[in-house]
Amino acid sequence: MFPYPSGEGLHVGHIKAYIATDVYARHKKMNGFNVLHPMGWDSFGLPAENYAIKNKINPKVSTAKNVATFKKQLSNIGFNYDWSREINTTDPEYYKWTQWIFLQLFKKGLAYESYEPIIWCPSCKTGLALEDLEDGKCERCGSDIEKRPMRQWVLAITKYADRLLEDLSLLDWPASIKESQKNWIGRSEGSEIDFKVKKLDLTIKVFTTRVDTIFGATYLVVAPEHPIFAAGNLIFSNAEEINKYIIASKKISDIDRTAEGKDKTGVELLGVKAINPFNNEEIPIFVADYVLGHYGTGAVMAVPAHDTRDWEFAKKYNLPIRESVKGGDISVEAFTEDGILVDSGDFTGLVSSEARKKMTEWLKKNKVGRKTVNYKLQDWVFSRQRYWGEPIPLIHCDKCGVVPVPEKDLPVKLPEVKSYEPTGTGESPLAGIPNWVNVKCPKCGGKGKRETNTMPQWAGSSWYYLRYIDPKNKKMFVDPKKEKYWMGKNGVDMYVGGTEHATRHLVYVRFWHKVLFDLKLVSTKEPFYRLANQGLVMGEDKRKMSKRWGNVVNPDNVVADFGADTLRVYEMFMGPFEQAISWSTSGMMGSRRFLEKVWRLMESIDPKLKNKELESLLHKTIKKVGEDIENFRFNTAISTMMIFANEVERLGTVSKSQYLEFLKLLAPFAPHITEEIWHELGHKKSVHVEKWSKYNKSKVKEKSFILVVQVNGKVRDQFEAPCGLKENEVLDLTLKRENVTNYINGNSVKRVIWVPDKLINIVI
RNA sequence: GCCGAAGUGGUGGAAUGGUAUACACGCAUGACUUAAAAUCAUGUCCCGUAAGGGAUGAGGGUUCGAGUCCCUCCUUCGGCACCA
């Protein structure tokens with residue numbers, strides 16, 4: 001994943017992922033692959049802009065400065081990036097295509113204008129998507145958020161909810177990321193039921209996953225946002241009280257409103273009743289803020305006997321609690337599990353799962369309900385009232401409505417402004433530039449106004465992996481009209497980044513990719529079939545690295561003091577790649593010592609030596625290091641190399657060819673020192689263009705092994721034996737050993753388990 | 001509450017169902033040195049002089065054999081959450 005060039009610079013945790021891809025890319029290259037290992041800058045959006053505002057610099061200037069800092073830091077570490085393919089999402093030649101993709105979404109009807117109240121950050125002064133919240137606060141600045149009705153652009157990601165969920169099964173991704181996405185999408189199967197409202201010519205639809213409990217429904221609840229209130233509340237005899245309740249509930253923030261255990265409040269809609277379609281029973285209707293307007297239908301049937309929230313509400317307002325599923329004691333608490341239906345008309349006696357099927361069928365047959373699916377995922381609020389983003393390429397015309405900017409006129413460049421601070425008015429700073437805003441309508445030539453909202457920070461990263469093509473083409477981007485596909489058959493082979501993107505970038509990018517797939521612009525269903533997450537590198541004090549704790553380790557200092565190779569080897573060796581681990585300076589010294597040892601062992605080379613003793617170990621090492629890199633198990637790859645180096649040291653001599661083979665294994669991890677030694681030993685070409693060593697299966701095989709003898713599963717003896725023995729031969733050898741016969745002690749041998757070339761277990 | 005991941009020495013961790021604690025850090029002792037650093041050597045889970053016994057969060061189970069598979073529970077981390 002390309003970094004966000006923040007003003008803080010990189011710390012040793014950020015570069016862990018880059019070291020891993022570098023090792024992986026170098027290894028693949030040595031194995032003959034044509035590797036594209038790119039770097040770029042995802043630099044539009046709030047963090048860059050907030051930094052710019054705080055430091056009173058134009059975001060364009062500060063971004064360029066931050067990019068330069070990042071690039072310098074990275075260049076210290078010896079990455080094999082192809083800098084000729086460096087990209088920057090703020091480059092007009094880049095965001096031209098971000099805008100182009102937006103227009104495809106628009107033309108497909110997947111981008112629409114909405115006036116619904118959305119999340120508003122009063123500090124960042126912009127609308128936000130649900131994904132931009134963390135613990136109910138603005139993820140960027142930590143401010144409490146508000147709800148604010150305003151005009152906005154929204155992307156219909158919910159149309160792709162099912163595919164985003166289903167296709168997770170195609171992905172070789174960490175379980176936790178898949179799990180997060182699954183929870184975020186929040187698919188829930190159930191039934192929609194129509195309740196006719198008596199005296200009014202309207203129907204309230206409710207969503208439930210527990211249609212089997214409907215005979216226990218004793219009232220209905222609608223959210224304060226429910227459309228039933230849209231036409232005014234004069235139909236209710238207590239209209240004033242209802243109005244008061246609705247207004248009050250809008251003032252409460254979403255977090256307070258949805259906090260579990262919060263006292264439930266509500267008001268009955270007097271003068272109307274809802275009719276349960278199953279038994280024609282008339283039940284009261286309440287408005288209560290424990291029902292959310294944006295989920296399901298914004299209305300629920302309340303079954304206090306079998307739902308905890310309804311139970312609490314019913315207790316408080318003295319509403320009847322009627323059992324319809326056997327199994328609990330509803331006088332004490334709601335019974336929410338499945339069971340056998342009671343007092344449920346024709347459905348009495350069925351088990352819940354069966355009842356749900358039959359009752360949903362009944363709803364359909366009688367045209368009073370249907371099977372439905374609901375999602376927690378909401379459409380993506382895509383406009384920001386900020387300066388530092390891609391202008392949304394649309395023009396508003398009084399006559400023609402919303403008109404897309406013609407493709408030939410892209411990019412719509414972000415204009416230079418004097419004041420780039422957010423206005424807070426619900427308009428972006430771009431609205432204050434009349435000669436940018438006022439344009440001709442591309443359709444009718446009449447007066448038009450540019451859309452002044454910009455795209456969110458996630459736009460540019462939603463397709464950056466597509467800005468590469470076969471190098472033979474020599475072009476930096478492909479015109480989608482001329483080229484069928486933007487990418488090869490397999491897409492990105494390896495994608496590495498942090499877990500914080502689980503429900504943001506990694507959802508958005510899959511959504512855009514699927515849209516492009518439907519447009520036949522990409523050939524794969526998914527952008528990244530393989531993903532790895534680097535674990536956090538924490539400070540030496542086991543706290544998260546932060547200025548606040550003064551525990552940030554800057555790679556520049558580590559490189560200056562201990563060398564880039566030490567840093568690289570240590571970060572790969574410190575533990576499993578995906579695990580969070582604390583930095584340890586003394587631990588890092590161990591990696592430094594290992595590299596010094598490798599250097600020293602040059603002196604142990606005996607050019608005349610044909611070192612048979614090491615041959616088997618070397619080939620095992622070649623095998624293990626290659627497999628470990630492929631599987632992102634860098635820590636064990638390094639420990640395997642350490643074992644080899646220790647053995648060379650123990651023996652005191654090594655043949656030149658063996659030493660060189662070993663150097664190649666180390667080269668992806670420690671590119672500088674291996675190159676130095678490689679040349680020292682007389683090579684003109686680089687070690688990094690060498691072919692990766694091939695291990696020899698026959699050489700991996702040992703001639704003898706340490707046979708472990710167990711008696712009844714306990715280790716009682718071990719001795720060296722030649723490989724390839726048969727079970728009876730081994731047993732003969734074993735039964736001659738005094739240690740073994742002592743334990744057998746005259747008992748008859750009941751069973752013998754023989755694991756070839758490893759272990760024998762004698763059961764007595 | 002639901003879902004997921006994980007619990008192994010003083011520390012980071014290793015272990016296709018087959019010798020638990022590889023590798024590294026730290027520590028101790030020794031060698032080298034006037035001394036220190038660096039380097040090298042030896043040792044370092046617990047009990048026991050030893051033979052041996054016991055330890056992979058706790059308790060059960062499957063198996064000739066379990067850190068690994070199954071069940072129950074505890075703890076930590078992550079996601080979702082008045083989501084009907």
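Below, all heavy atoms of this structure are taken into account, side chains as well, without hydrogens, waters or symmetry copies. Every chain is numbered from 1, with letters handed out A, B, ... down the list of sequences. None of the values given here were measured: they were computed from a predicted structure.
Only the C1' atoms considered, B:U16 is 23 Å distant from B:G7, to the nearest whole Å. For the C1' atom pair drawn from B:U68 and B:U19, the interatomic distance equals 16 Å after rounding to whole Å. Between B:C25 and B:U39, the distance separating the two P atoms is 9 Å to the nearest Å.
The partner of B:G78, taking Watson-Crick or G-U wobble pairs whose two distances both stay under 3.5 Å, is B:C3. Using Watson-Crick or G-U wobble geometry with both donor-acceptor distances under 3.5 Å, B:G17 finds no partner in any strand shown. Across all strands shown, B:U44 forms a Watson-Crick or G-U wobble pair, both distances under 3.5 Å, with B:G26. As the counterpart of B:A38, no nucleotide is assigned, since no Watson-Crick or G-U wobble pattern has both distances under 3.5 Å. Across all strands shown, B:G9 forms no Watson-Crick or G-U wobble pair with both distances under 3.5 Å. Base-pair partner of B:C69: B:G61 (Watson-Crick or G-U wobble, both distances under 3.5 Å).
For A:K544, the NZ atom counts as loosely surrounded, since its 6.0 Å shell holds 12 or fewer non-hydrogen atoms of other residues, nucleotides or ligands.
The residue A:K178 sits apart from the nucleic acid: no heavy atom pair falls under 4.0 Å. Counting non-hydrogen atoms under 4.0 angstrom, A:Y743 reaches the backbone sugars and phosphates but no base. A:F573 comes within 4.0 angstrom of a base, heavy atoms only. Using a 4.0 Å heavy-atom criterion, one finds that A:G186 contacts no nucleic acid atom at all. Within the 4.0 angstrom heavy-atom criterion, no nucleotide atom of any strand lies near A:P174. A:K597 comes within contact range of the sugar-phosphate backbone alone, with a heavy-atom separation under 4.0 Å but no base atom that close. Looking at heavy-atom distances under 4.0 Å, A:N635 makes contact with sugar-phosphate atoms alone, never a base.
Partners of A:P284 under the side-chain contact (heavy atoms from CB on, under 4.5 Å) rule, at least two apart in sequence or in another chain, are A:Y219, A:E268, A:K273, A:F286.
We find the OG-CD distance between A:S352 and A:E337 to be 10.0 Å, quoted to the nearest 0.5 Å.
In this structure, the CH2 atom of A:W754 is 20 Å from the P atom of B:G17, given to the nearest Å. Atom pair A:Q579:CD and B:U76:C1' shows a separation of 13 Å (rounding to whole Å applied). A:L130 places its CG atom 15 Å from the P atom of B:C83, with the value rounded to the nearest Å. Here the P atom of nucleotide B:C40 and the CG atom of A:N646 are 9 Å apart, to the nearest Å. As a whole-Å value, the separation of A:Q710 CD from B:A20 C1' is 13 Å. To the nearest angstrom, P of B:G18 lies 19 Å from CD1 of A:I762. Counting to the nearest Å, the C1' atom of B:A66 and the CG atom of A:L759 are 14 Å from each other. Regarding A:D135, its CG atom lies at a distance of 8 Å from the P atom of B:C80, rounded to whole Å.
No hydrogens or angles considered: a donor-acceptor pair under 3.5 Å links the side chains of A:K597 and A:N646.
Taking the six-membered ring wherever Trp is involved, the centroid distance between the rings of A:Y570 and A:W583 falls below 6.0 Å.
Ion pairing between a basic and an acidic side chain is recognised when a charged N comes within 4.0 Å of a carboxylate O; A:R370 and A:E192 show such pairing. One finds no salt bridge joining A:D135 and A:K137 here, because no Lys/Arg side-chain nitrogen approaches an Asp/Glu carboxylate oxygen to under 4.0 Å. With respect to A:R592 and A:D565, no salt bridge is recorded, no charged nitrogen being found less than 4.0 Å from a carboxylate O.
Closest to the side chain of A:E179, out of B:A84, B:C3, B:A14, is B:C3.
Not a single donor-acceptor contact under 3.5 angstrom links the side-chain atoms of A:N183 to the base of B:C80. For B:C82, the base has a donor-acceptor partner in the side chain of A:K264 [N/O atoms by modelled type, under 3.5 angstrom].
Here ring pair (Phe, Tyr, Trp, His ring centres under 6.0 Å) pairs that include residues 620-639 of chain A, with residues two or more places apart or in two chains, are A:Y24-A:F632, A:F577-A:F632, A:F577-A:F634, A:F632-A:F634.
Mapping A:R309 and A:T503 onto RNA chain B by nearest heavy atom places A:T503 at the nucleotide closer to the 5' end. Checking A:S639 against A:R600, the closest nucleotide of RNA chain B that is more toward the 5' end is the one next to A:S639.
Taken residue by residue, residues 715-728 of chain A places heavy atoms nearer than 4.0 Å to RNA chain B at A:V715, A:R716, A:Q718.
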